[in-house]
Amino acid sequence: MRWIPTLIIFLLAIVSGLYIFGNLRKLSRPYFVLFYWMYFVGLMAILFMPISINGLTVKILPPGIGRVNLYQLQLSGIEFYENIIMTVPFGFFIKKVFKKTPLIFLIILGLLIGTSFESMQYVLSHHFLIDRTSDINDVISNAMGVIIGGVMAMIYHSFSKDN
């Protein structure tokens, strides 16, 4: 039962991958689409599978409901920075696809994305025992990553000719 989210991720990856590869010649930016397909599949795997990745170590988490941290702020450390780096491409994607998105909307969207990730981890941990921790620090770092990615895309758009 605890591997149902993994099965769903793999099925979504296979179906979407087959669709993308079947229409690759019709796409105006195939490398962009392939990169983001791999990114979103990897992101879903990192966020919603019962695995833990710390540096170079990957381990399967034991069955459990995880923990919730809403109070202890720790806005530094390797996990905090990993979460920022993990969502920078997400912010870049949003700003690349929706060029006219204002920065304040991107900030709100970053907070909503981070909150959605952690809420989904909480729900999946309680229903499928994937033992993921829902953490306020992750919400903040995910939002920061989305914002940084969006700002990077804004800078890219201001200097590029494919506006």
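Here the structure is a predicted model, which means the values were calculated and not measured. Sequence positions, counted from 1, serve as the residue numbers for this chain.
- Within 6.0 Å of CZ on Phe35 lie more than 12 heavy atoms contributed by other residues, nucleotides or ligands.
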Quiz: residues 86-95 side-chain donor-acceptor pairs under 3.5 angstrom, not counting sequence neighbours:
residue	atom	partner	partner atom	Å
Thr87	OG1	Asn83	O	3.2
Thr87	OG1	Ile84	O	3.3
Thr87	OG1	Asn142	O	3.0
Lys95	NZ	Lys99	O	3.2
Lys95	NZ	Thr101	O	2.1

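- Side-chain contact check for Ile130 versus Leu61: every heavy-atom pair is 4.5 Å or farther apart.
- Residue Phe32 places its CZ atom among more than 12 non-hydrogen atoms of other residues, nucleotides or ligands, all under 6.0 Å distant.
- Side-chain atoms of Ser52 never come within 3.5 Å of backbone atoms of Lys59 as a donor-acceptor pair (strictly under, hydrogens ignored).
- Of the possible polar contacts, one joining the Asn69 side chain to the Tyr71 backbone as a donor-acceptor pair under 3.5 Å is found.
- Ile85 and Met152 are members of different hydrophobic clusters when ILVMFWY side chains are connected at heavy-atom separations under 4.5 Å.
- Under a 3.5 Å cut-off, the side chain of Arg132 and the backbone N or O of Met49 do form a donor-acceptor pair.
- In this pair, Tyr39 and Tyr36 present their aromatic rings perpendicular. The plane angle is above 60°, beyond the 30 to 60° band.
- The shortest side-chain heavy-atom distance between Phe80 and Gln74 does not fall under the 4.5 Å cut-off.
- Hydrophobic clustering places Tyr156 together with Ile148 (ILVMFWY residues linked when any side-chain heavy atoms are closer than 4.5 Å, directly or through intermediates).
- In this view, Trp37 and Phe21 satisfy the ring pair (Phe, Tyr, Trp, His ring centres under 6.0 Å) rule, not counting sequence neighbours.
- A 4.5 Å side-chain heavy-atom check between Ser76 and Tyr81 finds at least one atom pair inside the cut-off.
- Under the 4.5 Å side-chain heavy-atom criterion for ILVMFWY residues, no single connected hydrophobic cluster contains both Tyr122 and Phe117.
- At least one donor-acceptor pair closer than 3.5 Å links the side chain of Gln121 to the backbone N or O of Leu47.
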